[in-house]
Amino acid sequence: MVVDLSELALKAGLADYSPVRGCMVIKPYGYAIWELIQKELDARIKECGHENAYFPLFIPESFLKKEADHIEGFAPECAVVTHAGGQKLEEPLVIRPTSETIIYHMFSKWIHSWRDLPFSVNQWANVVRWEMRTRLFLRTTEFLWQEGHTAHATHEEADGEALRMQKVYYDFMTKILALAPIVGQKSDSERFAGAEKTYSLEVLLRDGKILQAGTSHCLGQGFAKAFEIQFQTPNNELEFVHLTSWGVSTRLIGAIVLGHLDEKGLILPPAVAPIQAIIIPIYKTEEEKNKVLEECQKIASELKLAGIRHKIDSNDQTSPGAKFNEWELKGVPIRVQIGPRDVQNNQVELVRRDKCEKLKNIPRLGLPEKIQSLLTEMQDYLYERQLAWREENTYSADSIDELEQILETKGGFIKAHWNGKADTENKIKELTKATIRVKAFDEPEEKGKCLISGEESLQRVYIGRAY
RNA sequence: CGGGAUGUGGCUCAGCUUGGUAGAGCAUCUGCUUUGGGAGCAGAGGGUCGGAGGUUCGAAUCCUCUCAUCCCGACCA
């Protein structure tokens, strides 16, 4: 099984390496997936009342330094512009690694009264983080994402908003991406730089590793104080706002690929497949070709009417067999095969990418409806399969040896007791190369002893090796 | 930044140990036959061997330096 994302992403035409270290070119097929992600998620974000805006790529260096934890977390990975217009700049400009600072600078100008709250903005943008090691889609130097920022009058409201957006992500990932993330809260050491609490969504991939697919932060008042975002209460008192920020990135494409792939290549959930049905004509003679292609055109126009994203692979130079393999590699959900026999009998052959089963003698009449129902079935099936995969690969460990053994032989999520402290967390990481991924919300209470310290613990946490 | 590897037609790589003036497969082009699970045959075009310097009559091959990329660790969406 090809589980190497880089190889698969290159072969399937999602992306290519660029001349710049750690940066990728997202090719049309990969970008089309991103556009579908954007479209679906953007609608959900707007339903929450958040509007889109755009802030500058450049951030004055001094802005980043205003929040102590934030600069400490991000300084090592910032790209900084020191020269422009042929001259050394008065103040260096950081290329945004994230936009909290510049957005909150603006918030302080825009928010004055309790009547202005809650206040929110979302932006779709690129950010740059000079990571030591990069990997196509999972960790690139420049990546695309969406970052939402909200300001609230109370801590409870801000925390509620951070949780609400995490739920929006959960809903999006399960319904649209057919992924089954564990949702919960990050440990202190894995928390976002400058945040009070970080909520995350952790996906178990098919190679047994874990991917943080999205985060939502309750920032408390730290940034508000650093950027002096104050408002007057109805009682005429000055108070600092409570902020949240939340984001998902092009990493989601990596999550889709690694969450669903099989030995033949990608399997795209229908909801984000740029091509949902690929039509492959099969013929020998010129006469057959004309008849078959004519029928393909008819099918295409019916699919268009039905709102199914499709394409006819009319390439004359490759054999049908080659096309089958090509589109399987690219993960197209439904393949429509049609040859002279089918035209004759008013039927087609369909193949579902996930199960790879051939459905012969499908009546030509009502084909769009049939394809639509298969797409729906496949979307559900992929989610069920992901969920089952996660459940089958979630284990419990009650000692560090047991934890290590499961990591070595199986991978996956391992639930274990932990005392909640940083030193024991580091120790686990040191010993096993695995990290505490998340404290799940729906984890039942259970008395136990910390793997390292033996201290009392009331709840298991999820541990695993992550990307 | 530590460890490993690689750089040779568009792509994947061989050749390097033991120097003798560049090769295969895929792709491309031409022609004919093919097309229901990765087509066949015949022919053609295309490379200052990452860069610089050195050794030598002669360097893809040996030496020195340099640049770049990828993989494995510490950092991270």
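Chain naming here is simple, since letters A, B, ... match the order of the sequence lines and numbering starts at 1 in each.
Under the salt bridge (charged side-chain N to carboxylate O under 4.0 Å, His left out) criterion, the residue pairs touching residues 163-180 of chain A are Arg44(A)-Asp171(A), Glu161(A)-Arg164(A), Asp171(A)-Lys175(A), with sequence neighbours excluded. Screening residues 59-70 of chain A for side chain to side chain donor-acceptor pair (under 3.5 Å), with sequence neighbours left out, gives Ser62(A)-Glu91(A). Among pairs with a residue in residues 192-202 of chain A, those fulfilling salt bridge (charged side-chain N to carboxylate O under 4.0 Å, His left out) read Asp159(A)-Lys197(A), Lys186(A)-Glu202(A), Glu202(A)-Arg437(A), at least two apart in sequence or across chains.
Remark: Arg335(A) qualifies as a cation-pi partner of Phe324(A) under the 6.0 Å distance and 45° angle criteria applied to the six-membered ring.
Arg353(A) places no side-chain N or O within donor-acceptor distance of the main-chain N or O of Val332(A), the cut-off being under 3.5 Å.
Looking at residues two or more places apart in sequence or on another chain, you find no salt bridge (Lys or Arg N to Asp or Glu O under 4.0 Å) involving Lys370(A). In this structure, the side chain to side chain contact (heavy atoms under 4.5 Å, CB included) partners of Thr285(A), at least two apart in sequence or on a different chain, are Glu287(A), Glu288(A). With sequence neighbours excluded, no residue forms a salt bridge (Lys or Arg N to Asp or Glu O under 4.0 Å) with Lys429(A). Checked against side chain to side chain contact (heavy atoms under 4.5 Å, CB included), Ser249(A) has the following partners two or more places apart in sequence or in another chain: Phe143(A), Trp145(A), Arg251(A).
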Using atom names, set out every protein N or O paired with an N or O of nucleotides 5-8 of chain B below 3.5 Å, distance rounded to 0.1 Å.
none

N/O-N/O pairs, protein side and nucleotides 73-77 of chain B side, under 3.5 Å:
from, atom 1, to, atom 2, distance (Å)
G73(B), OP2, Arg133(A), NH1, 3.2
C75(B), OP2, Lys429(A), NZ, 3.2
C75(B), O2, Glu131(A), OE1, 3.0
C76(B), O2', Glu131(A), OE2, 3.0
C76(B), O2, Arg139(A), NE, 2.6
C76(B), N3, Arg139(A), NE, 3.2
C76(B), N3, Arg139(A), NH2, 3.0
A77(B), O3', Gln212(A), NE2, 2.6
A77(B), O2', Gln212(A), O, 3.2
A77(B), O2', Arg251(A), NE, 3.1
A77(B), O2', Arg251(A), NH1, 2.5
A77(B), N6, Thr140(A), N, 3.1
A77(B), N6, Thr140(A), O, 2.7
A77(B), N3, Ser249(A), OG, 2.9

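Across every non-hydrogen atom of Ala53(A) and Phe55(A), the tightest pair is CB-CE1, 4.1 Å.
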Which atom pairs, one a donor and one an acceptor, fall under 3.5 Å between side chains of residues 24-38 of chain A and the rest of the protein, sequence neighbours left out?
from, atom 1, to, atom 2, distance (Å)
Tyr29(A), OH, Lys330(A), O, 2.7

Which letter, B, S or -, goes with each nucleotide of nucleotides 34-45 of chain B from 5' to 3', with contact meaning a protein heavy atom under 4.0 Å?
-BBBBS------
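The separation between Trp130(A) atom CH2 and C1(B) atom C1' is 16 Å, rounded to whole Å.
In this pair, Phe227(A) and Tyr104(A) present their aromatic rings perpendicular. The plane angle is above 60°, beyond the 30 to 60° band.
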Taking Watson-Crick (N1-N3 plus N6-O4 or O6-N4) and G-U wobble (N1-O2, O6-N3), each under 3.5 Å, can you produce the dot-bracket string of RNA chain B? Use [ ] for crossing pairs and | for inter-strand ones.
(((((((..((((......[..)))).((((((.....)))))).....(((((..]....))))))))))))....
